[in-house]
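By convention in this document, chain letters (A, B, ...) are assigned in the order of the sequence lines, proteins followed by strands, and residues within each chain are numbered from 1. Atoms considered below: every heavy atom in the structure, side chains included; atoms not considered: hydrogens, waters and symmetry mates.
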Amino acid sequence: MHRLATLGFSISVGVSAVALTSGCQPSTTVARTVGPAEPAQRAAVSFVHCVEQDGGGCVTRDPLHVSWDAFALLNWLGAGSPTSILLGLRREVEHHSDRLAVQDRLVSVAARYREPLRGAECKPESATPLTELLPRVVARVQARMQSLGLWRPDFEELVASLAGEATAGLDGGWLVHMTCYGDPYELWLATAKRDERQVVVGILSSLPAYLGGEPLSDDFVEGRIRARSSGSSVNIGVVREGAVDSRWMPFSIEEL
Amino acid sequence: MFTPTLLLASFLLATTVTDGDGELQRGLPAAPSITDLIRAQATPEVLQGFETVLLTQVNAIFGSENLPVANGGPVEPGVYVTVSPQQLLVFDSKISDMQGGLVPPGPVSRECKSGCKAALWSAFRQVWLRALDEAHSLGLEVPARVLFAAEASVPAKTLIELAYAAAETRPGDPPGFALLVNGSNSGLRSRGFYLLPPGGIRVSPGDNVLALRVSLGAGESFVVSAAHPRFAPQVEGSGWKLLAAELAKVKKRYPNKVAVIIDVGDDATVGDVVMVMVAAQKHFPSTVLTAGLPVKWG
């Protein structure tokens with residue numbers, strides 16, 4: 001099981017020396033120590049607040065983005081649809097090699113989250129060290145590609161290379177789980193350690209089951225689909241004209 | 001250490017082969033290479049590796065020799081659904097156990113006009129949401145095709161229930177449908193089909209619609225009828241060769257018609273549906289599937 005660092009402060013209670021002499025009141029002090037995930041969670045909260053205001057403007061150039069992109073690419077191989085993997089692998093690997101493109105994608109993702117995050121009141125729930133997740137991602141990719149019939153030595157080298165990049169930049173980073181009252185309902189912000197500070201380097205909209213993610217409730221699924229379908233530039237239509245039924249039976253009525 | 005880009009240039013894919021006896025080879029070849037993927041993605045109508053992925057899964061779940069055997073067209077990429085008498089998968093994720101090829105009983109979804117079960121509705125909505133997310137993040141299109149790899153013995157009404165569930169849950173318009181078949185030496189092939197709209201359709205006399213229908217019963221029994229009131233008498237029979245002969249007679253009277261509605265009833269299997277497709281393919285190559293929905297005249 002992976003370790004989850006719960007929200008909030010670890011609280012340690014220390015009892016000061018108690019004076020037994022009469023006239024002195026015993027005093028108790030509460031020392032609040034910062035849990036290991038706290039800096040990452042604070043960074044995530046700050047980033048979300050920034051995105052609400054400035055969208056993609058919150059993303060600063062950082063070589064650590066490439067490390068997260070390697071992690072995200074592996075996660076996609078472990079959880080994405082096989083069809084999209086076959087369709088998009090080439091472009092995604094090429095994209096990964098372009099640092100500016102990697103950064104641009106994070107900028108566009110942050111820009112897309114700007115409106116939904118306003119009023120969504122997202123708050124951190126838990127955080128998991130990325131170093132704990134990465135081996136599971138790699139193992140998942142290997143097992144999955146084998147079951148899909150796509151695993152080959154060169155694929156193995158590709159995965160090892162990506163894992164190496166992820167390890168190099170994400171040691172000390174966390175995946176912070178945030179829950180929200182509205183769309184996006186849940187999101188996961190990845191942080192990395194830079195100059196002893198936690199900085200956000202990536203965003204996931206869902207966590208696959210093999211990493212402990214739970215399926216969204218039906219209401220959340222509907223909310224997300226509504227949000228993604230309205231004003232979307234994604235091509236989801238199937239154009240069929242002059243048909244018996246333009247949606248279901250797209251052939252000429254004379255043929256029926 | 002190789003860079004991912006260099007590795008991409010060396011990644012290769014293998015082809016699908018058959019053993020010459022109509023059974024697609026079980027022991028799949030080495031996986032596709034990245035070079036083939038590059039080539040394939042430059043010609044998107046053929047997605048290299050897709051057949052390998054499909055065959056690997058079919059062989060793992062029920063064996064490609066248990067697909068309906070027929071000729072067909074090329075396999076084009078899309079969402080793929082695998083159905084055996086025991087389980088149901090979308091892509092490589094198990095959605096549900098099956099009970100003798102039937103979706104387990106459960107409440108009907110209020111949103112599903114075709115009356116599909118709530119469990120199917122939820123599962124397919126999740127699938128389409130992930131497809132939307134991938135389309136947004138990767139710049140891909142949401143798949144416009146759903147392929148069904150169904151063991152031949154699976155009840156045909158299951159195929160229809162799944163197809164409606166997949167279609168009604170898709171944001172935007174329903175997708176196209178294809179049924180995967182074992183093309184023997186041709187490898188994995190597909191047969192396209194349509195569904196009657198939920199609730200059926202009504203046609204006016206002025207549309208000059210025939211709406212030829214083959215209703216299936218137990219075994220190879222069939223009834224040929226049509227929505228047009230002057231189509232008479234309806235023909236009953238048994239056996240796919242007889243069906244092909246009867247359809248040839250119908251074609252002589254209605255040469256402009258190319259579509260046949262296959263009403264699967266309770267007893268027909270996916271294999272039976274494919275046999276009807278084969279019997280009709282020469283004269284009525286467009287197939288519309290239904291489980292009892294009407295084409296109303298007038």
Side-chain angles (χ1 to χ4, degrees), chain A residues 70 73 76 80-84 86-94 96-97 105 109 112 144-145 147-152 154-155 157-158 160-162 164-165 205-206 215-216 218 221-222 224-225 228-229 232 234-240 244-251 253-256, chain B residues 1-5 7-8 10-12 28 30-34 37-38 41 47 49-50 52-53 56 77-79 91-92 122 125-126 128-136 138 140-144 171-176 194-197 201 207-211 256-259 286 288:
Chain A
L73 189 47
W76 175 58
S81 87
T83 304
S84 72
L86 290 169
L87 284 167
L89 179 60
R90 169 197 174 199
R91 191 166 52 184
E92 285 306 297
V93 175
E94 287 178 349
H96 176 71
S97 66
R105 176 171 288 177
V109 169
R112 206 163 60 227
R144 190 174 193 225
M145 291 301 134
S147 72
L148 291 174
L150 296 175
W151 187 250
R152 287 169 45 104
D154 50 0
F155 213 127
E157 290 171 0
L158 173 68
S161 175
L162 292 171
E165 288 186 26
S205 61
S206 62
L216 281 175
D218 288 350
V221 169
E222 294 307 317
R224 279 195 174 182
I225 288 178
R228 281 152 181 71
S229 300
S232 169
V234 172
N235 182 5
I236 58 174
V238 182
V239 179
R240 296 157 174 165
V244 180
D245 179 293
S246 61
R247 301 181 73 234
W248 294 90
M249 296 167 66
F251 53 83
I253 196 158
E254 288 80 18
E255 297 177 350
L256 181 61
Chain B
M1 173 85 62
F2 293 103
T3 67
T5 306
L7 288 166
L8 175 68
S10 68
F11 179 57
L12 286 188
L28 278 171
S33 75
I34 288 181
L37 285 180
I38 292 171
Q41 288 163 12
L47 181 59
F50 191 58
T52 300
V53 168
T56 303
V79 173
F91 292 122
D92 55 340
S122 295
R125 283 298 262 183
Q126 297 263 3
W128 290 117
L129 173 59
R130 288 196 292 275
L132 273 172
D133 281 340
E134 287 188 317
H136 272 292
L138 305 178
L140 300 171
E141 292 187 358
V142 177
D173 285 340
Y194 306 102
L195 293 175
L196 278 179
I201 57 173
D207 290 334
N208 193 31
V209 164
L210 173 64
N256 296 331
K257 304 302 180 186
V258 298
S286 295
V288 182

Trainee: What part of B:L129 is in contact with chain A, defined as an atom under 4.5 angstrom from a non-hydrogen atom: side chain, backbone, both or neither?
Mentor: both
Trainee: Has A:R224 got a side-chain atom pairing as donor or acceptor with B:D133's backbone, closer than 3.5 angstrom?
Mentor: no
Trainee: Are B:E134 and A:S81 linked by a side-chain donor-acceptor pair shorter than 3.5 Å?
Mentor: yes
Trainee: Taking all non-hydrogen atoms of both residues, which atom of B:K257 and which atom of A:E254 are closest, and how far apart?
Mentor: NZ-O, 2.9 Å
Trainee: Could you look at B:V209 and say if it's the side chain, the backbone, both or neither that has a heavy atom under 4.5 Å from chain A?
Mentor: both
Trainee: When rounded to the nearest 0.5 angstrom, what distance separates CD in B:Q126 from CD1 in A:I225?
Mentor: 8.5 Å
Trainee: Apply side-chain contact (heavy atoms from CB on, under 4.5 Å) to B:L138 and A:W76, showing your working.
Mentor: CA-CA 10 Å; B:L138 305 178; A:W76 175 58; 3.4 Å; yes
Trainee: What is the minimum heavy-atom distance between B:P197 and A:M249, and which atoms define it?
Mentor: CD-SD, 3.7 Å
Trainee: What are the two closest non-hydrogen atoms of A:R247 and B:P174, and how far apart are they?
Mentor: NH2-CD, 3.4 Å
Trainee: Determine the option with the most heavy-atom pairs under 4.5 angstrom with chain B, choosing from A:D218, A:V221, A:V109.
Mentor: A:V221
Trainee: Of all of B:D207, B:D92, B:N256, which one pairs up most often with chain A through heavy atoms under 4.5 Å apart?
Mentor: B:D92
Trainee: Of the backbone (N, CA, C, O) and the side chain (C-beta and beyond), which part of B:R130 lies under 4.5 Å from a heavy atom of chain A, both, or neither?
Mentor: neither
Trainee: side-chain contact (heavy atoms from CB on, under 4.5 Å) with A:L256: which of B:L210, B:N208, B:I201?
Mentor: B:I201
Trainee: Give the intermediate values and the outcome of side-chain contact (heavy atoms from CB on, under 4.5 Å) for residues B:L140 and A:R91.
Mentor: CA-CA 11 Å; B:L140 300 171; A:R91 191 166 52 184; 3.2 Å; yes
Trainee: Under 4.5 Å heavy-atom distance to chain B, tell me which part of A:T83 shows up: side chain, backbone, both or neither.
Mentor: both
